[in-house]
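Let me begin by presenting the structure, written as structure tokens, before commenting on it.
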Amino acid sequence: MLEIERKFLVKSDAFIQQATSQEVIAQGYLNSHPERTVRVRIAGERGIITIKGKSNTTGTTRFEWETEISLADALPLLALCENGVIHKKRYKIPLGKHCYEVDVFEGENQGLILAEIELVDENESYLKPEWLGIEVTGDERYYNAYLSQNPFKDWA
């Protein structure tokens, strides 16, 4: 139930040619408290509910519990969420023994593209593709819960 991931800005759209899948995602927060978040996500035709805890000091590791729910349950829960539903398209790019997930944000967060890679250990090595930009792991401005309340379009 621990999520270990690193997050990066993306500096080009070259990842699109390497993607093996893409999915449209809408997600909102029933609770976006800094100590814990409760997220409802619609990904394609699936509903997902996720609870995340506060990140450790490096920003790489935190508690995560997630389960799939029906689309029929997810739709009304998404309607109950706090203002600031996130809309994005997610691309999956396998590389070596890992898979990058690249989110191209839409709506209020259009212009932001982030890549995440999940690891087994904080210090695990991984391949870095040429389109990967600077690391923003631990920078809370790039957490989706933050972006839902402070959209990228409003950043100075």
Side-chain angles (χ1 to χ4, degrees), residues 1-10 15-16 19-94 98-122 124 126 132-156:
M1 290 190 148
L2 283 183
E3 173 190 55
I4 301 170
E5 72 178 12
R6 293 190 175 277
K7 190 177 287 204
F8 303 84
L9 294 176
V10 174
F15 67 88
I16 294 173
T20 57
S21 68
Q22 65 182 36
E23 187 170 52
V24 173
I25 294 173
Q27 69 184 43
Y29 290 86
L30 293 166
N31 178 351
S32 61
H33 189 279
E35 298 288 321
R36 76 204 60 77
T37 60
V38 180
R39 176 183 77 200
V40 176
R41 175 182 281 173
I42 297 173
E45 296 298 314
R46 299 176 303 124
I48 303 162
I49 191 160
T50 307
I51 300 170
K52 292 189 179 197
K54 185 179 172 103
S55 293
N56 66 356
T57 55
T58 64
T60 58
T61 306
R62 62 182 165 170
F63 171 85
E64 179 185 69
W65 177 86
E66 185 169 89
T67 193
E68 195 163 320
I69 59 175
S70 71
L71 187 59
D73 287 338
L75 287 166
L77 286 173
L78 190 63
L80 287 176
C81 287
E82 300 168 354
N83 288 332
V85 172
I86 299 278
H87 296 276
K88 58 189 177 180
K89 188 177 285 186
R90 172 167 287 172
Y91 296 84
K92 292 195 177 187
I93 300 99
H98 297 99
C99 183
Y100 280 91
E101 294 180 340
V102 177
D103 290 339
V104 178
F105 290 83
E106 300 170 348
E108 300 287 292
N109 291 294
Q110 187 168 0
L112 181 61
I113 304 175
L114 293 173
E116 296 178 350
I117 184 170
E118 289 203 16
L119 304 171
V120 176
D121 179 89
E122 277 190 43
E124 181 180 359
Y126 52 94
L132 204 63
I134 64 167
E135 185 168 3
V136 294
T137 301
D139 186 337
E140 294 181 0
R141 296 176 302 161
Y142 295 101
Y143 288 7
N144 284 276
Y146 181 89
L147 290 166
S148 71
Q149 302 299 312
N150 305 279
F152 186 68
K153 72 170 184 68
D154 293 342
W155 294 15

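Worth knowing before you read on, the calculation uses all heavy atoms, side chains too, and leaves out hydrogens, waters and symmetry mates. Residues: numbered from 1 along the sequence shown.
For Asn109 (side chain) and Phe105 (main-chain N/O), no donor-acceptor pair under 3.5 Å exists by modelled atom type. When atom types are taken as modelled, the side chain of Asn31 and the backbone of Thr37 share no donor-acceptor pair closer than 3.5 angstrom.
The pair Glu116-Arg6 does not meet the salt-bridge criterion, since no charged nitrogen lies less than 4.0 angstrom from a carboxylate oxygen. Between Lys88 and Glu106 there is no salt bridge, since no side-chain N of the basic residue sits under 4.0 Å from a carboxylate O of the acidic one. Between Glu66 and Lys52 there is no salt bridge, since no side-chain N of the basic residue sits under 4.0 Å from a carboxylate O of the acidic one. Remark: Glu23 does not engage Lys89 in a salt bridge, criterion side-chain N to carboxylate O under 4.0 Å.
Proximity of Glu64 to Thr50: side-chain heavy atoms (C-beta onward) are separated by under 4.5 Å at one or more points. Taking the side chain as every heavy atom from C-beta outward, Cys81 and Tyr29 never approach each other to under 4.5 Å. Two residues are said to be in side-chain contact when any heavy atoms from C-beta on lie closer than 4.5 Å; His98 and Glu124 meet this criterion. For the pair Ile49 and Trp65, the minimum side-chain heavy-atom distance is below 4.5 Å. Using a 4.5 Å cut-off on side-chain heavy atoms (C-beta onward), Pro94 and Thr20 make contact. In this structure, the side chains of Glu5 and Thr137 stay at 4.5 Å or more apart for every pair of heavy atoms. For the pair Leu114/Phe8, no side-chain contact is recorded, criterion being any heavy-atom separation below 4.5 Å from C-beta on. Residues Glu118 and Glu3 form a side-chain contact, since some pair of their non-hydrogen atoms from C-beta on lies under 4.5 Å apart.
Of all non-hydrogen atoms in Arg41 and Ala74, the two that sit nearest each other are O-CB, 4.4 Å.
Screening Lys54, Arg36, Met1 for a side chain to side chain contact (heavy atoms under 4.5 Å, CB included) involving Phe63 leaves a single residue, Met1.
Within 6.0 Å of CG in Asn83 there are 12 or fewer heavy atoms belonging to other residues, nucleotides or ligands.
Between the side chains of Gln27 and His87, no donor N or O sits under 3.5 Å from an acceptor N or O. Under 3.5 Å, the side chains of Thr58 and Glu122 contain a donor-acceptor pair of N or O atoms.
Remark: Arg90 fails to qualify as a cation-pi partner of Tyr100 under the 6.0 Å distance and 45° angle criteria applied to the six-membered ring.
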